[in-house]
Amino acid sequence: MSERPYTHWLMKTEPDTFSIDDLKQRKREPWDGVRNYQARNFMRDGMRVGDKVFFYHSNCAEPGIAGIAAVASEAYPDPSQFDPKSKYFDPASTREKPRWWLVEVKYVRKLKRVITLEELKQQPALVDLPLVRKGNRLSVLPVSADDWDFILALE
DNA sequence: GCCAACGTTGGC
DNA sequence: GCCAACGTTGGC
């Protein structure tokens, strides 16, 4: 069995734009619009089909983990970077050498309740969880297997 | 390569 | 709406 640093992830989304209920309805969705290199690298280089993902609601009344998704495709170039009409259009990117990549994610389930950011911050066991570390604005983050289990036990 | 200016994220 | 904490851009 090959070793990878991470097999569990957390992906942020603003529920006003795309919520866990939207994913439940759509079942599967390309995670387009990521325009940060570190977040891109996690998707392109770190993720494999079947990896579990915490679906996190940000920039809303109750920020926190709202559900579980799974990586459903290998990484491929984000089509929106080539579309001049898209707000994610990147004129500096080319099809020969795409700058931005995405994976598709599929719905797994909603949590019984939202596990809030506030609650996660209060857990001494989660001090090293990247999500609760100061100033971390990345929209795609790794979660250790231990932290994953610990967080789910809070549900 | 430095770094000031600017833009974005996202909690509060 | 405020603003801290970033990341990016571009002049030099």
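Residue numbering restarts at 1 for every chain, and letters A, B, ... go by the order of the sequence lines.
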Check your understanding: Considering all heavy atoms of both residues, which atom of A/Ile65 and which atom of A/Ile151 are nearest to each other, and what is their separation?
Key ->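 Taking every non-hydrogen atom into account, CD1-CG2, 3.9 Å.
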Practice item. Could you tell me which residues satisfy side-chain hydrogen bond (donor to acceptor under 3.5 Å, both in side chains) with A/Asp128, sequence neighbours excluded, listed by chain and number? Key: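 Residues passing side-chain hydrogen bond (donor to acceptor under 3.5 Å, both in side chains) with A/Asp128: A/Arg133.
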Check your understanding: Looking at DNA chain C, which of residues 90-105 of chain A put a heavy atom within less than 4.0 Å of it?
Key ->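 Residues of residues 90-105 of chain A under 4.0 Å from DNA chain C: none.
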Check your understanding: For residues 33-41 of chain A, which residues have at least one heavy atom under 4.0 Å from DNA chain C?
Key ->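 Contacting residues: A/Asn36, A/Tyr37.
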When you measure from the side chain of [X] to the backbone of [Y], do you find a donor-acceptor pair of N or O atoms at a distance under 3.5 Å?
| X | Y | answer |
| --- | --- | --- |
| A/Arg4 | A/Gly46 | yes |
| A/Glu155 | A/Lys112 | yes |
| A/Asp16 | A/Cys60 | no |

Review point. Honestly curious: do A/Phe42 and A/Leu129 fall in one hydrophobic cluster under the side-chain, below-4.5 Å linking rule?
Key: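 The answer is yes; both residues are in one hydrophobic cluster.
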Can you list everything that forms a ring pair (Phe, Tyr, Trp, His ring centres under 6.0 Å) with [X]? Sequence neighbours excluded, please.
| X | value |
| --- | --- |
| A/Tyr37 | A/Trp100 |
| A/Tyr56 | none |
| A/Trp101 | none |

Practice item. Please name the residue in the list A/Arg26, A/Arg109, A/Lys110 that meets the salt bridge (Lys or Arg N to Asp or Glu O under 4.0 Å) test with A/Asp21. Key: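 Filter result, single survivor: A/Lys110.
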Review point. Stepwise, does the side chain to side chain contact (heavy atoms under 4.5 Å, CB included) test hold for A/Val34 with A/Met11?
Key: CA-CA 10 Å; A/Val34 171; A/Met11 296 168 94; over 6 Å; no
Check your understanding: Which pairs count as ring-ring contact (aromatic ring centres under 6.0 Å, His included) when at least one residue sits in residues 103-146 of chain A, sequence neighbours excluded?
Key ->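 Passing the test, one end in residues 103-146 of chain A: no pairs.
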Check your understanding: Listed by chain and number, what are the side-chain contact (heavy atoms from CB on, under 4.5 Å) partners of A/Phe150, not counting sequence neighbours?
Key ->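 If we apply the side-chain contact (heavy atoms from CB on, under 4.5 Å) test to A/Phe150, skipping adjacent residues, the hits are A/Gln123, A/Ala125, A/Leu126, A/Leu154.
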**Study point:** Which residues share a side-chain contact (heavy atoms from CB on, under 4.5 Å) with A/Thr94, sequence neighbours left out
**Key:**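 Testing A/Thr94 for side-chain contact (heavy atoms from CB on, under 4.5 Å), a comparison that skips the adjacent residues, returns A/Glu96, A/Lys97.
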Practice item. Indicate yes or no: does A/Asp78 engage A/Arg35 in a salt bridge with an N to O separation below 4.0 Å. Key: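 Result for this pair is yes, salt bridge flagged.
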Check your understanding: In residues 115-124 of chain A, which residues come under 4.0 Å of DNA chain B by heavy atom?
Key ->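 By residue number: A/Leu117, A/Lys121.
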Review point. Taking DNA chain B as the partner, which of residues 128-141 of chain A come within under 4.0 angstrom of it by heavy atom?
Key: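 Listed by number, they are A/Arg137, A/Leu138.
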Check your understanding: First and last nucleotide of DNA chain B in contact with chain A, 5' to 3', at under 4.0 Å to a heavy atom: what are they?
Key ->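 Range of nucleotides within reach of chain A: B/dG7 to B/dC12.
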